[in-house]
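For reference, the structure discussed in these notes is given below.
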Amino acid sequence: MLTSLFITFVLYEKFILPELQIPMIVTLLFIASFLVVKELKKRISKFELHSKISYIIFALFMVIGDSFKMYGSLYGVFGNPFKDTDILVKLFEDFAPLFSILNGPFGNIVMLIGSICKCIGYYFIIGYFIEFIKLSFSSLEKIKATNNYQKFTNKIFDNNVFLKVFIILIVAWLPYLIIKFPGSVSSDAIMQINQFLGNEPLTTHHPLFSTFLIGICIKFGLLFESQNLGILLYIIFQYVVMAAVFSLGIYLINNYQKCTIYNWLLLIFYALSPAFPSYATFVVKDTFYCTMFVLFILLLIKTIFDLTHNTLNTKNLVSFILTSFIVMISRNNGVYSVIPTLFALIIVSLFKSKEKIKISVLLTIPILLYSGYNYFQYDILEIQKGSIKEALSIPFQQTARYIKTHPDDITDYEKEVIDKVLDYENIAELYIPTVSDPVKRTYKGNDNALNEYFKVWFEQLKKHPQTYIEATLNSSYVAFYPDTPNIRAYGVISDWENSQPDGIFSLLRVILLAFVMGLSLLPVISILINPVFYIWLLIYLVIRCICKKEFIKLIIYIPMIIQVLVIIAGPAVLNHPRYIYPIYWSILLTIPFVLKNISNTKVLTLKEGKNN
């Protein structure tokens with residue numbers, strides 16, 4: 001009964017307009033909630049501990065997200081809805097004492113109680129929804145397959161799995177390649193191409209490795225006086241690599257378990273979800289990085305299995321070492337995902353491997369290679385480093401919000417210090433809560449003034465900590481809140497003029513754009529293509545590993561956890577879901593390995609064999 005009441009509270013508050021406060025609607029919502037919950041309780045046992053913790057966290061995400069979506073702050077959680085009641089006091093003078101009470105701390109308590117009720121309601125809605133999905137999938141696995149289905153499944157997953165999946169993905173993505181021919185180019189890639197061709201100073205604002213990879217292809221095309229040939233050459237390269245990596249993931253899962261239902265779902269997901277072909281046909285540094293990130297996760301799983309079973313061989317270890325290095329140099333934040341993971345593996349090898357010293361030394365090679373790479377690009381080539389402002393999105397946004405919200409609390413000295421670093425007079429006006437680029441662009445490049453700036457920053461934090469918290473949450477809450485559409489059709493239309501043919505192709509690109517965005521409106525599909533779903537899945541799996549004390553499996557998720565921190569510290573999340581893509585692309589490939597006991601299962605092999 002109470003469960004139904006809380007669910008009714010959330011559904012009514014969220015979906016029924018305040019003007020339609022009709023008792024009949026509330027009654028119908030309560031009856032529907034009661035019947036649904038009653039039926040679900042028959043089929044679903046009590047939530048497990050890791051599920052309870054996860055659902056509480058997800059419920060908090062929803063309550064806080066609702067507040068930021070509506071108010072841009074935590075007002076919807078801790079605010080006082082009665083604080084501006086002067087007009088009501090005049091209209092209802094007899095109730096003035098009551099409004100005085102509500103205008104004080106009691107009003108905040110009322111709002112907090114409402115937030116707690118919403119949180120409880122969300123807890124049950126999310127919990128029963130996820131448990132229903134788990135129950136449905138379990139039931140799906142138990143359905144006896146027809147002979148025709150089994151024969152067709154065997155044709156795909158019985159042998160030569162990698163090749164068959166690879167061909168399916170190549171063919172499934174072809175419509176995107178044809179419509180976007182020769183491929184679209186991002187504004188970041190245009191900058192990288194200009195740097196490679198000498199039209200702009202070469203810097204490491206974008207990773208040098210990516211700049212040269214793209215630039216070499218374009219340079220080859222220009223030898224034949226065709227930039228489009230260069231674009232096509234690069235697109236084909238990353239298109240093939242991307243299809244190969246996802247094929248390897250499905251191949252490894254197929255070698256590990258018999259769950260052909262999950263293999264089919266994965267294949268359909270990677271073949272038909274627009275995020276993959278859209279990015280495969282888009283010249284941008286993130287595509288290659290995300291692909292290498294997925295490969296890094298797959299080889300990380302293989303390495304953990306090998307360490308656990310003492311079957312790690314030199315060939316597999318070298319593959320992992322090279323992939324680790326490529327991830328580190330493919331994007332400037334890649335190093336943060338790799339190094340903590342390597343240290344965790346070294347610790348595991350000290351306890352699990354018979355050749356602990358050898359493996360520990362070998363696992364430090366990517367770090368040494370990265371150090372040598374940095375020496376080469378900065379000391380030998382003397383390439384200009386990217387600005388430190390790229391790492392300061394959080395403090396700069398906090399300062400801008402502080403100036404906008406508390407201008408009277410800022411001393412002349414603080415103004416002077418801030419103005420040495422940022423454009424003090426304009427950043428309050430330039431401040432956009434969801435993106436830090438406008439504020440970062442005012443950075444004056446005075447790195448020497450940063451020490452003094454951070455002293456002021458810390459003093460202002462002590463004065464108004466809530467402002468700092470709200471500034472951070474405002475720019476990143478979208479990554480954890482699924483109720484704000486954050487789906488983008490990347491690269492359908494190129495930023496490089498004249499790189500795509502006009503006529504019928506222009507019309508097809510517009511139709512493709514409408515199709516991709518239209519998917520976000522469809523039930524179920526909108527959830528599957530929403531990147532937030534995969535961050536929630538990451539949180540769920542991490543909490544599951546902790547509660548079940550399967551700490552070695554946590555190593556698989558270290559790179560993704562670091563990626564979440566990168567998202568929070570990044571310039572924007574809203575309209576920029578690409579920062580979530582490394583998690584989005586890789587996490588489904590980890591589930592079969594994490595749900596089983598690594599020590600008691602068969603060795604994970606890269607050798608082809610029948611799935612008996």
[Y] side chain reached by [X] side chain, heavy atoms, under 4.5 Å:
| X | Y | answer |
| --- | --- | --- |
| Val338 | Thr341 | no |
| Phe162 | Ile250 | no |
| Leu177 | Lys180 | no |
| Ile567 | Phe480 | no |

Begin from the C-alpha positions of Ile539 and Phe58 and carry the test side chain to side chain contact (heavy atoms under 4.5 Å, CB included) through to its verdict. CA-CA 9 Å; Ile539 293 168; Phe58 299 156; 4.0 Å; yes
Within 6.0 angstrom of Tyr336 OH, more than 12 heavy atoms from elsewhere: no
Could you walk me through whether Glu48 and Arg544 satisfy the salt bridge (charged side-chain N to carboxylate O under 4.0 Å, His left out) test, starting with their C-alpha distance in whole Å, then the side-chain angles of each, then the deciding distance to 0.1 Å, before giving a yes or no? CA-CA 9 Å; Glu48 294 182 81; Arg544 184 185 185 277; over 6 Å; no
Taking atom types as modelled and ignoring hydrogens, do the side chains of Tyr481 and Asp66 form a donor-acceptor contact shorter than 3.5 angstrom? yes
Got a donor-acceptor contact below 3.5 angstrom from the Ser476 side chain to the Ile568 backbone? no
Any sub-3.5 Å donor-acceptor pair from Ser273's side-chain atoms to Tyr270's backbone N or O? no
Contact list for residues 163-179, test side-chain hydrogen bond (donor to acceptor under 3.5 Å, both in side chains), sequence neighbours left out: Asn159-Lys164
Apply side chain to side chain contact (heavy atoms under 4.5 Å, CB included) to the pair Ile216 and Phe220, showing each step before the final yes or no. CA-CA 6 Å; Ile216 288 169; Phe220 179 83; 5.7 Å; no
Minimum heavy-atom separation for Gly570 to Ser436, with atom names? O-OG, 4.5 Å
So which atom in Phe276 and which in Met242 form the shortest heavy-atom distance, rounded to 0.1 Å? O-CE, 3.1 Å
